[in-house]
Amino acid sequence: MSNFQVVKHPLIQHKLSILRRADVSTKEFRELVDEIGMLMAYEVSRDLPLQDVEIDTPVAHMTAQELAGKKLAIVPILRAGIGMVDGILKLIPAARVGHIGMYRDEETLTPVEYLVKLPTDIAERQIFLVDPMLATGGSAILAIDSLKKRNANNIKFVCLVAAPEGIKAVQEAHPDIDIYVAALDDHLNEHGYIVPGLGDAGDRLFGTK
Ligand code: PRP
Ligand code: URA
């Protein structure tokens with residue numbers, strides 16, 4: 001079964017609590033998603049491989065360590081995933097960015113894929129698939145299907161607020177994928193919204209409702 005982790009860093013939890021508030025402006029919401037995205041990237045990148053490198057400091061020669069040049073790709077699920085990309089790029093500026101466009105049909109709650117644009121060597125990359133919300137799990141499952149269809153297998157799914165139903169669904173469909181969330185909420189309501197959640201992440205991020 002996949003590794004599932006709630007990242008309980010105090011800065012993440014503090015910022016997430018502000019993000020959830022109904023009276024947060026679009027500007028603040030955007031800034032907070034960006035900051036939490038960056039903090040989550042710190043945790044998710046914990047096991048990136050290092051290699052030795054010989055360097056000279058102003059004082060002495062030494063063997064230091066640097067990233068072993070592992071190729072990375074950040075893949076946001078549109079729209080709301082876009083809000084997490086810049087924060088992650090602040091920590092990992094050389095990462096490539098792919099996009100998977102998906103929306104939930106409001107009646108059936110089934111995801112509909114409308115765009116897939118990925119780096120050509122996606123199969124060789126470590127992928128951070130990002131979306132602030134994991135509700136029924138339909139969007140994440142379809143996005144992972146889409147990546148695997150293109151031979152990408154090294155995928156970590158990074159999300160901010162998850163429902164237990166979504167975690168279970170992704171773990172059953174893709175037991176090999178590691179899942180990182182900032183919060184595990186209580187349940188989904190009859191409209192497929194996470195409770196207590198933070199509402200519609202895409203609309204709050206882009207000010208569309
Ligand atoms: C939201 C969210 C996820 C999806 C989660 O996207 O950003 O992609 O719902 O729900 P699920 O786990 O039940 O699939 P939405 O469909 O609202 O599209 P948007 O980001 O373009 O607003
Ligand atoms: N998508 C969102 O943006 N919010 C939810 O609560 C569920 C799905």
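Here the structure is a predicted model, which is why all the values come from computation and not from measurement.
- Of all heavy-atom pairs spanning Arg125 and Ala73, the tightest one is CD-CB, 3.8 Å.
- Distance check, rounded to the nearest 0.5 Å: CG of Leu32 to CD1 of Ile18 gives 5.5 Å.
- A single hydrophobic cluster is seen to contain both Ile88 and Phe29, as judged by linkage of ILVMFWY side chains at heavy-atom distances under 4.5 Å, directly or through other members.
- No side-chain heavy atom of Val130 sits under 4.5 Å from any side-chain heavy atom of Val75.
- Checking side-chain atoms of Arg46 against main-chain N and O of Tyr42 turns up no donor-acceptor pair under 3.5 Å.
- Nearest approach of Ala123 to Asn151, heavy atoms of both residues: CB-O, 3.3 Å.
- Taken from CD1 in Ile155 to CZ in Phe128, the straight-line distance is 12.0 Å, to the nearest 0.5 Å.
- Between Leu89 and Val97, the closest side-chain pair of non-hydrogen atoms falls below 4.5 Å.
- Atom-to-atom distance recorded for Ile92:CD1 and Ile74:CD1 is 6.0 Å, nearest 0.5 angstrom.
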Practice task
Go through the steps to decide whether Asp176 and Lys148 satisfy the test side-chain contact (heavy atoms from CB on, under 4.5 Å), and finish with yes or no.
Solution key: CA-CA 11 Å; Asp176 54 317; Lys148 286 186 173 174; 2.9 Å; yes
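- Note: the hydrophobic cluster containing Val181 does not contain Leu188 (ILVMFWY, side chain heavy atoms under 4.5 Å, direct or indirect links).
- The NE2 atom of His174 lies 9.0 Å from the CG atom of Leu147; values are rounded to the nearest 0.5 Å.
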Practice task
With side chain to side chain donor-acceptor pair (under 3.5 Å) as the test, would you mind laying out the steps for His61 and Glu54 before giving the verdict?
Solution key: CA-CA 7 Å; His61 183 82; Glu54 299 299 316; 2.6 Å; yes
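- Contact of the Thr110 side chain with the Arg104 side chain is not registered, since no non-hydrogen atoms from C-beta on lie closer than 4.5 Å.
- Residues Ile144 and Leu129 meet the side-chain proximity criterion, which asks for heavy atoms closer than 4.5 Å.
- Between Arg150 and Asp145 there is no salt bridge, since none of the side-chain N atoms of the basic residue sits less than 4.0 Å from a carboxylate O of the acidic one.
- Between Ile167 and Ala162, the shortest heavy-atom distance links the atoms CD1-CB, 3.8 Å.
- Nearest heavy atoms, His99 versus Pro76: CD2-CG, 3.7 Å.
- A side-chain N or O of Glu113 and one of Ser146 form a donor-acceptor pair less than 3.5 Å apart.
- Contact of the Tyr114 side chain with the Leu78 side chain is registered, since non-hydrogen atoms from C-beta on lie closer than 4.5 Å.
- Linking Ile, Leu, Val, Met, Phe, Trp and Tyr whenever their side-chain heavy atoms come within less than 4.5 Å leaves Val24 and Tyr193 in two separate clusters.
- Side chains of Gln51 and Glu66: a donor-acceptor N/O pair is present below 3.5 angstrom, by distance only.
- Heavy atoms of other residues, nucleotides or ligands lying less than 6.0 angstrom from NZ of Lys90 number more than 12.
- Here the NZ-CD distance, from Lys71 to Glu124, works out to 4.5 Å after rounding to the nearest 0.5 Å.
- When atom types are taken as modelled, the side chain of Gln13 and the backbone of Ala182 share a donor-acceptor pair closer than 3.5 angstrom.
- Here the side chain of Asp131 pairs no donor or acceptor atom with the backbone of Gly81 at under 3.5 angstrom.
- Residues Val161 and Pro132 have side chains not in contact (no heavy-atom distance under 4.5 Å, counting atoms from C-beta outward).
- Judged by distance alone, with hydrogens and angles left aside, the side-chain atoms of Asp52 form no donor-acceptor pair with the main-chain N or O of Thr63 at under 3.5 Å.
- Counting heavy atoms of neighbouring residues, nucleotides and ligands inside a 6.0 Å radius, atom NE2 of His14 does not exceed 12 of them.
- Between the side chain of His9 and the backbone N or O of Leu11, at least one donor-acceptor pair lies under 3.5 Å.
- Remark: the backbone N or O of Asn3 is paired with a side-chain donor or acceptor of Asp178 at under 3.5 angstrom.
- The shortest non-hydrogen separation linking Ile141 to Ala169 is CD1-O, 3.5 Å.
- Glu31 is not listed as a side-chain neighbour of Asp34, based on a closest heavy-atom distance of 4.5 Å or more.
- Panel note: side chain Arg204, backbone Leu198; a donor-acceptor pair is recorded below 3.5 Å.
- The backbone N or O of Ser25 lies less than 3.5 Å from a partner atom in the side chain of Glu28, making a donor-acceptor pair.
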Practice task
Mind running side-chain contact (heavy atoms from CB on, under 4.5 Å) on Ile179 and Gln5 for me, showing each step along the way?
Solution key: CA-CA 6 Å; Ile179 307 170; Gln5 192 181 325; over 6 Å; no
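- Leu160 and Ile177 fall into different hydrophobic clusters, where Ile, Leu, Val, Met, Phe, Trp and Tyr are joined by side-chain heavy atoms under 4.5 Å apart, directly or via other members.
- Residues Ala163 and Leu184 share a closest heavy-atom pair of C-CD1, 4.0 Å.
- Ionic pairing of Asp185 and Arg20 is present here: one or more N-O contacts between side-chain nitrogen and carboxylate oxygen are shorter than 4.0 angstrom.
- Taking 4.5 Å as the limit, some side-chain heavy atom of Ile82 sits within range of a side-chain heavy atom of Phe206.
- Between the side chain of Arg30 and the main chain of Leu205, a donor-acceptor pair closer than 3.5 Å is present.
- With hydrogens and angles disregarded, no donor-acceptor distance shorter than 3.5 Å links the side chain of Arg96 to the backbone of Pro119.
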Exercise for the section: In sequence, state the C-alpha distance, the side-chain angles, and the governing distance for Tyr180 and Phe157, and then conclude on side-chain contact (heavy atoms from CB on, under 4.5 Å). Expected result: CA-CA 6 Å; Tyr180 296 77; Phe157 179 60; over 6 Å; no
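- Grouping the Ile, Leu, Val, Met, Phe, Trp and Tyr side chains by contacts below 4.5 angstrom, directly or via other members, places Met84 with Leu48.
- Interatomic distance, NZ of Lys156 versus CD1 of Ile127, reported as 12.0 Å (0.5 Å rounding).
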Exercise for the section: Report the C-alpha distance between Ile12 and Met40 in whole Å, list the side-chain angles of each, state the deciding distance to 0.1 Å, and finish with yes or no for side-chain contact (heavy atoms from CB on, under 4.5 Å). Expected result: CA-CA 8 Å; Ile12 293 179; Met40 291 292 285; 3.8 Å; yes
